[in-house]
Structures are given as structure tokens and as C-alpha cells.
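Below: one structure, written as C-alpha cells.
All figures in this text were calculated on a predicted structure; none of them were measured in a lab.
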Amino acid sequence: MLTLVIGGSGSGKSEYAENVITSRSEGTRIYIATMKPWDEECEKRILRHRQMRAKKGFETVECYRNLKDLHVSEGERNSEVLLECMSNLVSNELFGLGEKEEILLTSDETVEEILKGIHQIKNQAVNVTIVTNEVFSDGDSYSSQTNEYRRTLARINEKLARIADCVIEVIAGIPINIKEN
């Protein structure tokens with residue numbers, strides 16, 4: 001099963017997604033973290049979140065780019081996977097991680113590569129839950145780079161919503177079912 005959880009910044013979407021997984025089963029819980037630590041404050045936040053997830057039984061796997069190369073199971077499809085969050089993954093693919101000789105993807109390549117990665121993960125797990133941001137509710141005056149990012153994320157969100165079994169929007173901590181099979 002593929003579940004897409006979408007919401008604005010601070011909407012409660014991440015907590016909701018974690019609770020969905022912890023309420024479903026006691027199986028293996030894998031948390032794919034896509035936020036690269038850029039500074040000390042970010043590293044502290046990531047450590048705090050990692051410790052909170054461990055208490056909920058999640059194993060954290062860092063994956064900043066190249067989702068299609070990630071393997072989350074060793075042959076058994078019994079794991080629950082939470083990808084947090086698509087917004088960071090898209091940014092990392094489009095703009096990179098600041099490493100030398102890094103190959104960056106175009107918008108079209110980013111969409112294709114990330115969807116390949118989702119299909120790869122989906123084939124390795126019993127349930128996959130993806131957290132993503134809704135980025136079109138705020139202002140509309142941005143740089144061309146930011147607009148490219150927003151359009152790319154929107155395309156991925158749209159494609160994920162089509163293939164998802166369940167789409168939930170979280171607003172002010174309240175989940176609203178958009179699509180349910």
C-alpha cells in the first residue's frame with residue numbers, strides 16, 4: 001500500500017504519518033530521512049528527531065539523493081517505510097548537496113528518478129508512506145530556481161497521488177482523506 005501525506009509547513013503531517021505506521025503493525029519500521037545536515041543546528045535537530053523515532057521503533061536510513069539505489073529489505077516485504085520528506089529529496093536532486101563534481105538533475109530527470117525510487121521502495125515493503133509539502137498556498141513571487149523547484153515537487157506530488165492507495169491532507173493537525181481505496 002502507498003500512502004501520500006501532504007500538508008503545509010507545521011501542519012502536523014509528519015507526526016500523523018508516524019502515527020499511521022506505528023498504529024498499523026509491530027513489524028520492521030524504516031524511516032528514510034532526506035534532510036541533509038547543513039549546519040550544527042540542523043545536526044542537533046536531526047539527532048533529536050532520530051532519538052524520538054527510535055523510541056517509536058523506527059530504524060533511520062539517511063538518503064539525500066538517488067532513492068532508486070536504496071535497499072530497505074533483504075528479500076522480505078514485511079517492512080513499513082516512511083519517507084520524510086519528498087520536499088527535501090526534490091531539492092537535493094535539483095540543487096545538489098554542495099559536493100564537488102556533483103551531477104545535478106533537470107526537473108524532468110528529477111521526476112523520473114524519484115518515481116523510479118518510489119517504485120523500487122514500494123517493491124521492497126508492505127507499506128510505504130510518503131510525507132510531502134503543499135507549496136502553492138503561500139506567496140507567488142519567487143526566483144526562477146524556486147519556481148522550478150515548486151513545479152517539480154508539484155509534478156511529483158500529482159504523480160504520487162495518482163498511484164497512491166490513500167492520499168491524506170493534514171491541516172492544523174487534522175487529517176482529511178482525499179483518496180482512499
Between [X] and [Y], is there a donor-acceptor pair closer than 3.5 Å when you use the side chain of the first and the backbone of the second?
X	Y	answer
Asp39	Cys42	yes
Thr146	Tyr142	no
Glu93	Thr110	no

How long is the span from the [atom1] atom in [X] to the [atom2] atom in [Y], to the nearest 0.5 Å?
X	Y	atom1	atom2	value
Ile114	Glu109	CD1	CD	11.5 Å
Ile46	Arg53	CD1	CZ	8.5 Å
Lys68	Leu115	NZ	CG	12.5 Å
Met86	Asn88	CE	CG	10.5 Å
Ile163	Lys122	CD1	NZ	5.5 Å
Ile30	Ser79	CD1	OG	4.0 Å

Among Arg151, Glu148, Arg155, exactly one meets side-chain hydrogen bond (donor to acceptor under 3.5 Å, both in side chains) together with Ser107. Which residue is that? Arg155

Glu80 and side-chain hydrogen bond (donor to acceptor under 3.5 Å, both in side chains): which partner among Thr28, Asn127, Thr22? Asn127

Val5 and Thr132: side chain to side chain contact (heavy atoms under 4.5 Å, CB included), yes or no, with the steps? CA-CA 6 Å; Val5 179; Thr132 190; over 6 Å; no

Heavy-atom distance under 4.5 Å between the side chains of [X] and [Y], does that happen here?
X	Y	value
Val126	Asn78	no
Ile168	Ile176	no
Tyr64	Thr34	no
His71	Gln120	yes
Thr3	Arg24	yes

Verdict with reasoning, Glu84 to Tyr31, per side chain to side chain contact (heavy atoms under 4.5 Å, CB included): CA-CA 7 Å; Glu84 165 67 62; Tyr31 194 109; 2.8 Å; yes

Specify the closest pair of heavy atoms between [X] and [Y], including all atoms of both residues, with the distance to one decimal.
X	Y	result
Val81	Ile21	O-CD1, 3.8 Å
Val170	Gly12	CG1-C, 3.8 Å
Glu43	Pro37	CG-CB, 3.4 Å
Ala161	Leu4	N-CD2, 3.8 Å
Gly8	Ser11	O-OG, 2.9 Å
Glu18	Leu82	CG-CD2, 3.7 Å

Before giving the answer on salt bridge (Lys or Arg N to Asp or Glu O under 4.0 Å), spell out for Lys116 and Glu113 the whole-Å C-alpha distance, their side-chain angles and the decisive distance to 0.1 Å. CA-CA 5 Å; Lys116 280 182 190 175; Glu113 289 296 303; 3.7 Å; yes

[X], [Y]: one ILVMFWY side-chain cluster at the under-4.5 Å cut-off?
X	Y	value
Val61	Leu83	yes
Ile156	Ile6	no
Ile121	Ile130	yes
Leu89	Leu105	no
Leu70	Leu2	yes

Between Asn133 and Lys13, is a side chain to side chain contact (heavy atoms under 4.5 Å, CB included) present by the stated rule, with each step listed? CA-CA 9 Å; Asn133 282 317; Lys13 63 189 175 294; 2.8 Å; yes

What do you reckon, is [atom1] of [X] surrounded by more than 12 foreign heavy atoms closer than 6.0 Å?
X	atom1	result
Glu15	CD	no
Lys159	NZ	no
Lys56	NZ	yes
Glu99	CD	yes

Indicate the ring-plane relationship of Phe95 and Tyr149, choosing parallel, tilted or perpendicular according to the 30° and 60° boundaries. tilted

Hey, are Arg50 and Thr60 close enough side-chain-wise for a donor-acceptor pair under 3.5 Å? no

Could you tell me whether Arg65 and Glu102 have a side-chain N and a carboxylate O separated by less than 4.0 Å? yes

